[in-house]
Amino acid sequence: MTTVDPKPKRLISGPGMLLVWFYGVMVVGAVSRSAYQIATEFDRAPLAYSLSAVAGVVYGFITYSLVRGGERARRAAQVCCAAELAGVLIVGTWTLVEPSAFPDATVWSDYGMGYVFIPVLLPLSALYWLRRGRTVTP
């Protein structure tokens, strides 16, 4: 039987620090963009702007979890990264299949093409890092 070590590796050591930096940048980008769009032109594309705001909140929670560290934070970050990846794939596909549903782009539109595909690569990288960061003892 295997148990999880109560003192896992720090989540922000090595490549984890790069993940925190990228997620931090995405928080600022998604939250500031959606706040401006919601405040000035919400009636133009409410779904798109709301999804961008949700993305910003998810990025913020993941950033906080990575910085906080510990096993519970690692698991919470894994769940959020999986939800983020699902969101990117669903919204990305939706924007390609039915572009008229999104009169303006979201952070996750076209799989994050407007953000150099970082929204689809980031959760994949984070999930790998978080899985790798789990310490299992025999």
Side-chain angles (χ1 to χ4, degrees):
M1 182 173 162
T2 60
T3 60
V4 177
D5 185 359
K7 288 191 143 196
K9 290 182 189 178
R10 286 183 37 151
L11 297 176
I12 59 171
S13 63
M17 188 57 101
L18 187 60
L19 284 173
V20 168
W21 185 85
F22 269 111
Y23 271 113
V25 168
M26 294 303 289
V27 168
V28 171
V31 169
S32 60
R33 175 184 176 169
S34 64
Y36 173 78
Q37 290 171 323
I38 288 171
T40 61
E41 51 194 13
F42 186 71
D43 57 331
R44 181 171 164 219
L47 178 61
Y49 303 151
S50 298
L51 286 172
S52 288
V54 168
V57 170
V58 170
Y59 294 147
F61 185 79
I62 293 169
T63 304
Y64 170 77
S65 296
L66 290 171
V67 170
R68 184 168 186 273
E71 184 59 24
R72 283 179 36 167
R74 186 190 63 75
R75 284 184 295 196
Q78 276 185 312
V79 169
C80 282
C81 287
E84 173 195 358
L85 181 59
V88 171
L89 296 176
I90 291 166
V91 172
T93 302
W94 192 0
T95 57
L96 294 175
V97 172
E98 187 60 44
S100 64
F102 295 90
D104 203 356
T106 74
V107 174
W108 295 340
S109 292
D110 303 319
Y111 307 106
M113 186 167 65
Y115 286 80
V116 197
F117 296 104
I118 291 171
V120 76
L121 297 173
L122 201 53
L124 292 171
S125 302
L127 285 168
Y128 174 76
W129 174 251
L130 290 166
R131 182 174 163 87
R132 186 184 161 283
R134 187 181 71 177
T135 307
V136 179
T137 58

With hydrophobic residues grouped by side-chain heavy-atom distances under 4.5 Å, do F117 and L96 end up in a single group? yes
Separation between CG of L127 and SG of C80, rounded to the nearest 0.5 Å: 10.5 Å
May I ask whether V107 and Y36 are part of the same hydrophobic cluster, defined by side-chain heavy atoms of I, L, V, M, F, W, Y residues being less than 4.5 angstrom apart, directly or through others? no
Salt bridge (Lys or Arg N to Asp or Glu O under 4.0 Å) contacts in which one or both residues fall within residues 95-108, not counting sequence neighbours: R44-D104
Enumerate the ring pair (Phe, Tyr, Trp, His ring centres under 6.0 Å) contacts for residues 61-86, please, sequence neighbours excluded, ordered by first and then second residue. none
Going by the rule side-chain contact (heavy atoms from CB on, under 4.5 Å), which residues pair with I118 if we only count those two or more places apart in sequence or in a different chain? F22, M26, L122
Say whether I90 and L47 are linked into one hydrophobic cluster, either directly or through other cluster members, by side-chain heavy-atom distances under 4.5 angstrom. no
Pairs where residues 77-88 contributes a residue and the test side-chain hydrogen bond (donor to acceptor under 3.5 Å, both in side chains) is met, not counting sequence neighbours: Y23-E84, R74-Q78
Sorted by chain and residue number, the ring pair (Phe, Tyr, Trp, His ring centres under 6.0 Å) partners of F102 (sequence neighbours excluded) come out as W94
Salt bridge (Lys or Arg N to Asp or Glu O under 4.0 Å): which pairs involve residues 54-67, sequence neighbours left out? none
By side-chain hydrogen bond (donor to acceptor under 3.5 Å, both in side chains), which residues pair with T93, not counting sequence neighbours? Y111
For V54, all residues meeting side-chain contact (heavy atoms from CB on, under 4.5 Å), sequence neighbours excluded: V58
Could you state the interatomic distance from CE (M17) to CG (L66), rounded to the nearest 0.5 Å? 10.5 Å
If you take all heavy atoms of A48 and A105, which pair is closest and at what distance? CB-O, 4.1 Å
Could you pull out the closest heavy-atom pair between V91 and S109, with the gap in Å? CG1-N, 4.2 Å
Side-chain heavy atoms under 4.5 angstrom apart, residues restricted to Ile, Leu, Val, Met, Phe, Trp, Tyr: same cluster for V88 and V79? no
Linked hydrophobic residues, Y49 as query - side chain contacts closer than 4.5 Å: I38, F42
Which heavy atom of T95 sits nearest a heavy atom of G92, and at what distance? OG1-O, 2.8 Å
Please report the shortest heavy-atom distance between A73 and S65, naming the atom on each side. CB-O, 3.4 Å
dist Y115:OH -> D110:CG (nearest 0.5 Å) comes out at 13.0 Å
Sequence-distant partners of S52, side-chain hydrogen bond (donor to acceptor under 3.5 Å, both in side chains), two or more places apart: none
Looking at side-chain heavy atoms only, is the closest gap between Y59 and P119 below 4.5 Å? yes
Taking all non-hydrogen atoms of both residues, which atom of C81 and which atom of L130 are closest, and how far apart? SG-CD1, 4.2 Å
Do V28 and I62 belong together in a cluster built from hydrophobic side chains that touch within less than 4.5 Å? no
Scan for salt bridge (Lys or Arg N to Asp or Glu O under 4.0 Å) pairs involving residues 27-38, sequence neighbours excluded, and state none if there are none. none
